[in-house]
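Written out below as structure tokens is the structure these notes cover.
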Amino acid sequence: MIATVKGTRDILPPESFVWNRVEAVAREVFHSFGYGEIRTPLMEPTELFTRGIGEDTDIVNKEMYTFPDKKGRSLTLRPEGTAPVARAYISNNMQTLPHPLRLYYIGPMFRYERPQKGRYRQFFQIGAEILGPEEPAADVEMFSLLVDFLNRLEFTDLAVGLNSVGCEACRPGYRAALQAVLQEHKGELCVDCVRRIDTNPLRVLDCKEAGCQPVKKLLPSIGGHLCETCSAHLRFVEEGLNALKIRFELNDRLVRGLDYYTRTVFEVVSGRLGAQNAICGGGRYDRLISDLGGPKVPGIGFAIGQDRLIEILPESFKAKVKPGLDYFIVPVSPNELLPAFELAAKLREQGRSAGVALDGKGLKKGLKFAAATGAVSALILGEEEIKNGEVVVKNLATGEQVKKKIDEL
RNA sequence: GUGAGUGUAGCUCAGUUGGUUAGAGCGCCAGACUGUGGCUCUGGAAGUCGGGGGUUCAAAUCCCCUCACUCACCCCA
């Protein structure tokens, strides 16, 4: 037997109906904010990610699906969506379009990691980006969009974390301040954090090793190191969130794993997911497009993990997703099979969903199948019904049944 | 990449100190019931016991290797 590749999986009905519904809600919400869908290739030149995400990140170091094509070019299955969007922006001269430019994407991403709960090698992200504005109003709009979407899925118990990682003006100063303290306490840190002192000291803030926690308490908060522009930016975002009544927590230890973030970073976590509890991460990336050789255009965006989102989707939302047909028509004998098809076609023309029992094996099997597949009603069609232009309508939940004229359905 | 746990029917699992033909529930199929699903009863199909090797008269059971899955670490969606 041939199995799926490690960390990949099949999504089957009726579960796929839930996926479709979540995607449909995402599109509705994004469209209502004026965002248009962008579809970028699943594979890109490897260089896009090494330059865009950063050489020293875990994603680039150990998590990419990279392989040579037949001409020896190095290709990589996209591990995230923002760098491809930035590339597409440059490739298509999108700076000539009206700005701010609002884009969204839905699709699979790939990372070569050991699978666990909420983590797959092929996983799906729903993301949005706004390109152009430097103003914090764009950040606030992103939150508004995100929260609107999550509310439509009927989430009530998610926590939003917010921080600023500064900009090219103030981050180096903070970085140096961190390094100074970390050097003093080098002996108390885990091996990873010792390495991070040089490579990425901000990441120590995120370390979960028990031994590192006391040192973390000694580390300065970035708040005191932000330049005037960055702290004003952050203040505006906070005010905006308050005005929108979006509950959030300022978390000065929040750092993201991608190098391209500047200023605003945020994440949404759930308590119901196990260790991999982040369902959404995002932030501002003012230098990404220019770093990739494009114009100096800032941007901000987020990515939601669709697999994780669906894992914790509220029952109240899931209950409304109905995979079953409106009508399942059961011919009593093979003589009624063709009239059943005609009736089904007529119902579909009216916008209802309808199916027909194909095996001609009678009511018993037909009704059993109808109920098992979640149809709302069964329509029983026999010799007598056809003679009178009627059908028996049976509600499969309650068992009640009534005769109705076919025209009155 | 590291660690731990688990692999027996489609699913959930039982299987005694190694012992004869590997079981149950659910599901599936058929029948009781040739115009009525869910309840009940009867019957049926379905297993390379993850795979390979070893020990033994005898292995689902013990040993070694391997693969897969799960959870956790790292990190992230």
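Within every chain, numbering begins at 1; the chains are lettered A, B, ... in the order of the sequence lines, protein sequences first and strands thereafter. Predicted, not measured: the structure shown is a model, and the values here were computed from it.
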Choosing from [options], which nucleotide comes nearest the side chain of [X]?
{"X": "Q125(A)", "options": "rU36(B), rC73(B), rA77(B)", "answer": "rA77(B)"}
{"X": "P115(A)", "options": "rU70(B), rU36(B), rA72(B)", "answer": "rU70(B)"}
{"X": "K6(A)", "options": "rC73(B), rC69(B), rU36(B)", "answer": "rC69(B)"}
{"X": "R308(A)", "options": "rA77(B), rG35(B), rC74(B)", "answer": "rA77(B)"}
{"X": "K364(A)", "options": "rC74(B), rA77(B), rG37(B)", "answer": "rG37(B)"}
{"X": "A278(A)", "options": "rU36(B), rA72(B), rA77(B)", "answer": "rA77(B)"}

When the [atom1] atoms of [N] and [M] are considered, how many whole Å apart are they?
{"N": "rG19(B)", "M": "rU61(B)", "atom1": "P", "answer": "10 Å"}
{"N": "rU16(B)", "M": "rG52(B)", "atom1": "P", "answer": "22 Å"}
{"N": "rG27(B)", "M": "rU12(B)", "atom1": "P", "answer": "15 Å"}
{"N": "rA59(B)", "M": "rU21(B)", "atom1": "P", "answer": "11 Å"}
{"N": "rU2(B)", "M": "rG50(B)", "atom1": "P", "answer": "25 Å"}
{"N": "rA24(B)", "M": "rG47(B)", "atom1": "C1'", "answer": "14 Å"}
{"N": "rG51(B)", "M": "rU40(B)", "atom1": "C1'", "answer": "43 Å"}
{"N": "rG43(B)", "M": "rU36(B)", "atom1": "P", "answer": "24 Å"}

Indicate the ring-plane relationship of F110(A) and Y65(A), choosing parallel, tilted or perpendicular according to the 30° and 60° boundaries.
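Because their plane-to-plane angle is over 60°, the rings of F110(A) and Y65(A) count as perpendicular.
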Determine the contact category for [X]: base if any of its heavy atoms lies under 4.0 Å from a base atom, sugar-phosphate if only primed atoms, P, OP1 or OP2 are that close, otherwise nothing.
{"X": "Q122(A)", "result": "nothing"}
{"X": "A397(A)", "result": "base"}
{"X": "I380(A)", "result": "base"}
{"X": "K62(A)", "result": "base"}
{"X": "Y120(A)", "result": "base"}
{"X": "E80(A)", "result": "nothing"}
{"X": "E267(A)", "result": "nothing"}
{"X": "G118(A)", "result": "base"}
{"X": "G399(A)", "result": "base"}

Can you work out whether Y112(A) or K394(A) has the more 5'-proximal nearest nucleotide on RNA chain B?
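With Y112(A) and K394(A) compared, the 5'-side residue is Y112(A).
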Nearest-nucleotide comparison on RNA chain B, the residue closer to the 5′ end among R114(A) and L396(A):
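Checking each residue's closest nucleotide, the 5'-ward one belongs to R114(A).
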Q116(A) side-chain N/O to rA72(B) phosphate OP1/OP2 under 4.0 Å
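Looking at the OP1 and OP2 atoms of rA72(B), one of them is under 4.0 Å from a side-chain N or O of Q116(A).
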Taking NZ, NE, NH1 and NH2 as the nitrogens, is one of them in [X] or [Y] under 4.0 Å from a carboxylate oxygen of the other?
{"X": "E315(A)", "Y": "K320(A)", "answer": "no"}
{"X": "R263(A)", "Y": "D139(A)", "answer": "no"}
{"X": "K404(A)", "Y": "E390(A)", "answer": "no"}
{"X": "K117(A)", "Y": "E311(A)", "answer": "yes"}
{"X": "R102(A)", "Y": "E129(A)", "answer": "no"}
{"X": "D291(A)", "Y": "K296(A)", "answer": "no"}

Atom [atom1] of [X] to atom [atom2] of [N]: distance rounded to whole Å?
{"X": "E113(A)", "N": "rA72(B)", "atom1": "CD", "atom2": "P", "result": "13 Å"}
{"X": "L325(A)", "N": "rG37(B)", "atom1": "CG", "atom2": "C1'", "result": "15 Å"}
{"X": "K368(A)", "N": "rA32(B)", "atom1": "NZ", "atom2": "C1'", "result": "14 Å"}
{"X": "R121(A)", "N": "rU70(B)", "atom1": "CZ", "atom2": "P", "result": "11 Å"}
{"X": "F369(A)", "N": "rC28(B)", "atom1": "CZ", "atom2": "P", "result": "12 Å"}
{"X": "L363(A)", "N": "rG35(B)", "atom1": "CG", "atom2": "C1'", "result": "5 Å"}
{"X": "L379(A)", "N": "rG37(B)", "atom1": "CG", "atom2": "P", "result": "17 Å"}
{"X": "L254(A)", "N": "rA77(B)", "atom1": "CG", "atom2": "P", "result": "11 Å"}

Value rounded to 0.5 Å, distance of CG in N163(A) from CG in L234(A):
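Here the rounded value is 7.5 Å.
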From I386(A) atom CD1 to N388(A) atom CG, the distance as rounded to the nearest 0.5 Å:
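I386(A) CD1 to N388(A) CG: 10.5 Å, rounded to 0.5 Å.
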Show every ring pair (Phe, Tyr, Trp, His ring centres under 6.0 Å) that has at least one partner inside residues 249-288 of chain A, sequence neighbours left out.
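For residues 249-288 of chain A, and leaving out neighbouring residues, the ring pair (Phe, Tyr, Trp, His ring centres under 6.0 Å) pairs sorted by first residue read F143(A)-F266(A), Y260(A)-Y285(A).
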Once Watson-Crick and G-U wobble pairs under 3.5 Å are found, how is RNA chain B written in dot-bracket notation, 5' to 3', with | for any base paired to another strand?
(((((((..((((.....[...)))).(((((.......))))).....(((((..]....))))))))))))....
Does either side chain, that of N277(A) or that of S270(A), offer a donor lying less than 3.5 Å from an acceptor on the other one?
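No, no side-chain donor-acceptor pair sits under 3.5 Å.
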Please answer whether rA77(B) and F124(A) are stacked, defined here as ring centres separated by less than 5.5 Å and planes angled under 30°.
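No, the aromatic ring of F124(A) does not stack with the base.
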Ignoring hydrogens and angles, does a donor from either the side chain of [X] or the base of [N] sit under 3.5 Å from an acceptor on the other?
{"X": "K365(A)", "N": "rG37(B)", "answer": "no"}
{"X": "E311(A)", "N": "rA77(B)", "answer": "no"}
{"X": "Q401(A)", "N": "rG37(B)", "answer": "no"}

